[in-house]
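Both ligands and their constituent atoms are indexed starting at 1 by order of listing. Position 1 is the first residue of the sequence, and the numbers go up from there. What you see is a predicted model, and the numbers here were worked out from it, not measured in a lab.
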Amino acid sequence: MTGPRKLYIKSYGCQMNVYDSLRMADMLAPDGFAETKDVAEADLVVLNTCHIREKAAEKVYSEIGRLRVLKDEAAKDGRKVTIAVAGCVAQAEGAEIMRRAPVVDLVVGPQSYHRLPALLDQADRGERPVETEFPAEDKFNFLKNPTRDAIRARGVSAFLTIQEGCDKFCTFCVVPYTRGAEVSRPVEKILAEAERLAAAGVREITAIGQNVNAYHGDGPDGTTWTLARLFERLAQIPGIDRLRYTTSHPRDVDDSLVAVHRDLPELMPQLHLPVQSGSDRILDAMNRKHTRDDYLRVIERLRKAQPALAFTSDFIVGFPGETDRDFTDTLKLIEEVGFCGAFSFKYSPRPGTPAADMDDQVPEHVMTERLHELQLLIDRQMAAFNKACVGKTLDVLFEKTGRHPGQIAGKSPYLQPVQVMAPASLIGTIASVRIDDTGSYSLFGTLADEVGNRVPERPNLAALEA
Ligand code: 5AD
Ligand code: SF4
């Protein structure tokens with residue numbers, strides 16, 4: 001192999017893909033691939049795709065169209081550009097991508113990333129491999145530890161995969177088909193990665209998985225650990241000040257998880273807990289395995305344990321058979337809970353899922369109206385939540401320089417972006433900030449020591465270098 005080759009990875013969809021993209025870059029680094037942010041100079045382009053809704057999948061084909069032009073241009077200069085399609089579209093469509101897009105050199109599903117170097121060799125030989133098997137071996141095997149420099153370049157907040165796949169089979173969802181059965185990563189592997197992240201300056205870890213609170217990993221003591229137990233252990237790692245997790249399922253919120261929300265200060269008081277609908281009839285048709293009341297009771301248990309908790313959720317409007325009354329039930333649930341934000345989507349029939357064949361598909365214009373109404377309500381709740389933060393003092397983890405000179409930006413415990421006039425030396429640390437104002441998206445604040453409060457002492461980055 002000659003000099004360093006340039007790798008450009010584009011991620012679509014969920015945090016799992018963002019994480020997998022980083023790990024693919026880490027895995028290809030020893031083979032001489034250096035990451036670039038400029039697609040025009042790339043020798044290898046990996047599209048890490050999402051299949052969750054139709055629009056997400058279609059985006060991939062438009063991107064491939066653009067890459068075809070780039071590849072032709074490079075070929076004129078005698079340079080070969082390899083195009084790989086990874087992620088859930090790769091898994092779901094496999095060889096169909098090769099047929100539809102002759103410019104693609106290889107297709108690799110999320111279960112087979114460990115085979116990427118071998119598949120690239122095949123592509124170099126002019127073959128067009130398609131790998132979408134679900135191998136029997138450990139599917140977390142492809143995760144290679146990134147170098148300290150690679151972690152630093154990625155910032156102070158990191159994702160860490162602890163679980164993959166889903167056994168829930170909601171009738172609208174492709175995940176159980178593209179990501180396979182639910183598997184938990186062993187505790188020791190997770191701890192090793194977390195310690196490495198902490199040593200390179202990471203302060204916040206978000207544990208990720210499609211069904212993250214179904215976690216049941218093999219512990220070093222021979223027992224099976226819950227997510228709560230894992231968090232208790234992760235919180236002991238010096239330097240790890242903040243823990244989060246996503247995405248969780250209301251069915252898997254057990255008492256131990258509720259208890260760590262009460263007892264672990266490292267566990268941030270913001271939880272993404274998708275409900276999808278507020279109508280029991282629709283929840284049943286969705287095979288969500290919980291009722292509206294079950295969901296409200298989970299929220300109540302969590303709030304009782306940790307009154308500071310704020311919730312976000314996912315909603316689907318226009319699931320087959322959804323009536324105005326069902327939709328009104330969803331709006332009522334939103335009003336009852338009071339969210340600090342949410343993602344909402346029009347139902348998108350996914351080939352191979354049960355809901356795609358259901359009668360009573362909801363017309364597009366009805367979905368558009370419902371989505372608009374739901375989003376207005378969520379926006380109002382989010383604005384009210386942000387406004388309620390004004391005058392309060394919140395801990396902010398500073399991540400980067402801000403929009404204006406002299407400003408730095410970070411995240412509140414509630415994941416709100418916060419902009420503060422403060423020295424760049426505070427990046428990578430947590431400081432108390434008095435919130436003065438809200439914009440449409442960000443909060444603006446002043447370092448609390450400037451208004452008379454103490455900046456809490458936090459682990460010193462330099463002390464962790466050793
Ligand atoms: N149509 C619309 N939204 C969907 N989601 C999952 N599948 C579909 C679909 N077929 C949404 C759900 C899920 C989020 C990640 O994407 O709300 O929680
Ligand atoms: Fe999809 Fe339901 Fe599993 Fe979430 S819980 S990944 S929506 S099947």
Side-chain angles (χ1 to χ4, degrees), residues 11-19 49-59 87-89 91-92 110 161-184 206 208-215 227 245-253 271-279 282-291 294-295 298 311-322 326-327 330 333-334 339 341-358 360-364 366-368 370-371 374-375 378:
S11 264
Y12 299 81
C14 65
Q15 295 92 340
M16 185 66 80
N17 271 9
V18 175
Y19 179 86
T49 63
C50 172
H51 201 241
I52 198 105
R53 284 169 295 276
E54 189 171 359
K55 272 199 185 140
E58 277 309 313
K59 270 193 210 154
C88 292
V89 177
Q91 187 64 41
T161 289
I162 65 162
Q163 177 278 340
E164 216 197 313
C166 180
D167 295 336
K168 294 279 191 296
F169 288 94
C170 298
T171 52
F172 53 80
C173 187
V174 286
V175 165
Y177 310 97
T178 57
R179 290 283 179 163
E182 207 256 293
V183 192
S184 295
T206 303
I208 58 170
Q210 272 97 19
N211 229 293
V212 74
N213 56 334
Y215 181 81
L227 183 59
Y245 58 103
T246 197
T247 291
S248 44
H249 192 286
R251 267 280 290 237
D252 296 321
V253 178
L271 180 56
H272 186 62
L273 196 61
V275 62
Q276 315 297 355
S277 167
S279 152
I282 296 298
L283 288 170
D284 187 48
M286 285 176 164
N287 189 32
R288 284 290 294 175
K289 303 178 168 63
H290 65 79
T291 61
D294 293 336
Y295 184 80
V298 170
F311 295 91
T312 55
S313 197
D314 288 344
F315 295 93
I316 295 177
V317 299
F319 184 83
E322 186 189 68
D326 294 317
F327 177 62
T330 301
L333 177 126
I334 296 173
F339 291 96
F343 298 110
S344 47
F345 314 97
K346 292 179 190 173
Y347 169 68
S348 164
R350 307 314 294 134
T353 59
D357 298 326
M358 287 180 186
D360 287 337
Q361 299 283 328
V362 174
E364 179 70 23
V366 176
M367 289 205 265
T368 305
R370 287 182 187 163
L371 188 69
L374 190 148
Q375 284 177 343
I378 293 290

Can you confirm whether [X] sits close enough to [Y] that some side-chain heavy atom of one is under 4.5 Å from a side-chain heavy atom of the other?
X    : Y    : value
Q91  : H51  : no
H290 : V275 : yes
E322 : M367 : no

**Prompt:** Can you say whether the rings of F339 and F315 are parallel (under 30°), tilted (30 to 60°) or perpendicular (over 60°)?
**Reply:**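 If you compare the ring of F339 with that of F315, the planes turn out perpendicular.
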
For [X], does the [atom1] atom have more than 12 heavy-atom neighbours from other residues, nucleotides or ligands under 6.0 Å away?
X    : atom1 : answer
E54  : CD    : no
K59  : NZ    : no
F343 : CZ    : no

**Message:** I'd like to check which ligand 2 atoms, numbered from 1 as shown, lie under 4.0 Å from a non-hydrogen atom of F172.
**Reply:**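 In order of numbering, the contacting atoms are 7 (S).
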
At less than 3.5 Å, what protein N or O atoms come close to the N or O atoms of ligand 1? Include the distances to 0.1 Å.
residue: ligand 1; atom: 1 (N); partner: S348; partner atom: N; Å: 3.0
residue: ligand 1; atom: 10 (N); partner: F172; partner atom: O; Å: 2.9
residue: ligand 1; atom: 10 (N); partner: S348; partner atom: O; Å: 2.8
residue: ligand 1; atom: 16 (O); partner: R53; partner atom: NH1; Å: 2.8
residue: ligand 1; atom: 17 (O); partner: Q276; partner atom: OE1; Å: 2.6
residue: ligand 1; atom: 18 (O); partner: Q276; partner atom: NE2; Å: 2.8
residue: ligand 1; atom: 18 (O); partner: D314; partner atom: OD2; Å: 2.6

**Asked** Hey, mind stepping through S279 and D326 against side chain to side chain donor-acceptor pair (under 3.5 Å) and telling me if it holds?
**Response** CA-CA 5 Å; S279 152; D326 294 317; 2.8 Å; yes

**Prompt:** Tell me, which protein N/O/S atoms are under 2.8 Å away from atom 3 (Fe) of ligand 2?
**Reply:**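 Listed by chain and number, the atoms are C166 SG.
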
**Request:** Can you see which heavy atom on Y177 is nearest to which on P354, and at what distance?
**Result:**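 Taking Y177 first and P354 second, the nearest heavy atoms are OH-CD, 3.8 Å.
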
**Prompt:** For the residue pair F345 and F172, is the inter-centroid distance of their aromatic rings smaller than 6.0 Å?
**Reply:**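 No - the distance between ring centres of F345 and F172 does not fall below the 6.0 Å cut-off.
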
